[in-house]
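Notes for the one structure printed next.
These figures come from a predicted structure and were not determined experimentally.
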Amino acid sequence: MAASRVFLPAAALLVVFSAIAVLFPKPLGRVLDAANSGVIEDLGWFYVLVVTGFVFFSVWLAVSPMGGIVLGRDDEEPEFGLFSWFAMLFAAGMGIGLVYWGVAEPLTHYNAPPPGSTDNGQSAGRNAMDVTFLHWGLHAWAIYVVVGLAIAYAVHRKGRPISIRYALEPLLGDKVKGWFGDVVDVIAIVGTLFGVATSLGFGVTQVGNGLSFLGVVDHAGTPLLVGLIVVITACALASVLTGVDKGIKILSNINMGVAAVFLLAVLVLGPTVFLLSDFVTQIGSYLQNFFTLAFDVRPFQGTAGQEWLSGWTTYYWGWWMSWAPFVGVFIARISRGRTVREFVLGVLLVPTLVTMLWFSVMGGSAIWTEMFGGGGIVSDGTVNTDTALFRFLDTLPAGTLLSVVAMVLVVIFFVTSSDSGSFVVDMLAEGGDLDPPLWSRAFWASMEGIVAAVLLAAGGLAALRTMSILVAAPFSVVMVLMAVATAKALLAENRVIQRRKRRWLAEQVAEELRGSGELPTVK
């Protein structure tokens, strides 16, 4: 496969789109709004059904006999230690979103309960956390499992190049080597760029508003946000040029350390007993209401239900799926030597529990403040998602210091997401090269910043959110095919393994019987 068949079309699409966004921002905004409305209103049910299906697919793989299959040679050991592996997959998979939405989302659902929900104080708090857990829990990581496992199996078990297309080989055969495979990889690259650019948009918006909240700047306008994009992209560029074993690994470990210290500080300075109690209670509530939450498309709430669904659940499923190519490829790249069961449980359960702890501490503290601590975060009956974190931290001792740490954390989170994303995109664009050229790494890292900047200038975060959902639509179909292909390949290999086990057992029994004289030796 010529790398240019993927690199050039993907690069051209992004350059052309960026140029249109700069030259015709208002017409582009109208087109995006129209397309967004159609996709969200008509495909919301599909997104909900498909993503919930990915959760059950992941659980089935983990508990099935196929879970013992090694992603590599049968005797191969994992390439990375458990902590580094977890730190890298978690930093790549969640990134800025945890910091941006940690306070804002639970508080928003508490302040304005989803249509059809109970809106009294205690129930509103529990329901707010349930919905937040839905959006950031098993569903999000199941999306990554589907893509990551399919690629890891193709690359480490079957020896294929790192590419989305080869995850479909068990289903489509040699067709993946032609134009269809090129289209799949191009969609993956474009989706990744828009997904990471969306996160960068959230990140710089929060940092800019944090600087404004602390009085460092008067107003977080577009020039400031673009300037922050340039600085953060430069940091990501420096990291991605050093590769996975150095810059990305080191930054991911630092990132996890800073996040852990930050979370512990909020836990200790806040209502500690309430937060720990809330964490335990919400795990039970999430599991108890899982099926209701997972399948709820809110048809009986009319227009209000559809608007809420499009602004939250459908958007999240689209956002996660736009990230899935990059996160899936990156997790596959660092998971050589792990079994299918280790992969699924490590990717699905551990990050979900840590994410739940994060939201229980951050979001739970904010809700407690509004219910029992005198309030002050909700202003004029609304939650400003850009400043909610800083308003909350301002209610704690050492609030200014914590706000500074939060902004640093946002920057590090984005750098780890961006450098991982750039590295993955470059591997895809270069035909699966595990060590792509430095110049092309620099190109894709720069494109992430450029896309984020032009979309912010064209339509703000709304344009970034819209593009992530739109690009996810075709890739959701690819993901369904990947799940089918992975199941087909693993079931076929498991049948071979079981036949070999039966043959070996029969030989062992026959040998034992011959040794005891109960079975005559065949001459």
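Here E169 pairs with R160 under the salt bridge (charged side-chain N to carboxylate O under 4.0 Å, His left out) rule; sequence neighbours left out. Residues satisfying the side-chain hydrogen bond (donor to acceptor under 3.5 Å, both in side chains) test with S476, not counting sequence neighbours, are none. R336 pairs by the salt bridge (charged side-chain N to carboxylate O under 4.0 Å, His left out) definition with E76, not counting sequence neighbours.
For the pair S365 and L275, the tightest heavy-atom approach, listed with the atom from each and the gap, is OG-CD1, 3.2 Å. A pairwise comparison of heavy atoms in F343 and I331 identifies CE1-CG2, 3.4 Å as the closest pair.
Legend: salt bridge (Lys or Arg N to Asp or Glu O under 4.0 Å) pairs involving residues 341-352, not counting sequence neighbours: none detected. Within the structure, every pair that satisfies the side chain to side chain donor-acceptor pair (under 3.5 Å) test and touches residues 274-285, not counting sequence neighbours, is listed here: D130-Q282, D130-S285, S285-N289.
The closest donor-acceptor contact from the side chain of S322 to the backbone of W319 lies under 3.5 Å.
Side-chain contact annotation: D386 with Y100, donor-acceptor N/O pair under 3.5 Å present. Side-chain contact, Y316 with W136: a donor N or O sits under 3.5 Å from an acceptor N or O.
The distance between the ring centers of H109 and W308 falls below 6.0 angstrom. Aromatic ring centres of W312 and W101: separated by under 6.0 Å. For F290 and H139, the gap between ring centers is short of 6.0 Å. Annotation: F7 is in aromatic contact with F443 [ring centroid separation under 6.0 Å]. In summary, the aromatic rings of F56 and W60 are positioned with their centroids too far apart to meet the 6.0 Å limit.
Expressed to the nearest 0.5 Å, how far CG of L309 lies from CZ of R298 amounts to 7.5 Å. To the nearest 0.5 Å, atom OH of residue Y166 and atom CG of residue D185 are 9.0 Å apart. Atom CG of L267 sits about 11.0 Å away from atom CE of M362, to the nearest 0.5 Å.
Salt-bridge check for R157 with D74: passed, with a basic side-chain N closer than 4.0 Å to an acidic carboxylate O.
Taking the six-membered ring where tryptophan is involved, the planes of F291 and F295 are essentially parallel, since the angle between them stays under 30° and well short of 60°. Ring geometry for F274 versus W368: interplanar angle of 30 to 60°, hence tilted.
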Per-pair distances, 0.1 Å, donor-acceptor, side chain in residues 480-491, under 3.5 Å, sequence neighbours excluded:
residue, atom, partner, partner atom, Å
T486, OG1, M482, O, 2.8
K488, NZ, P170, O, 3.1

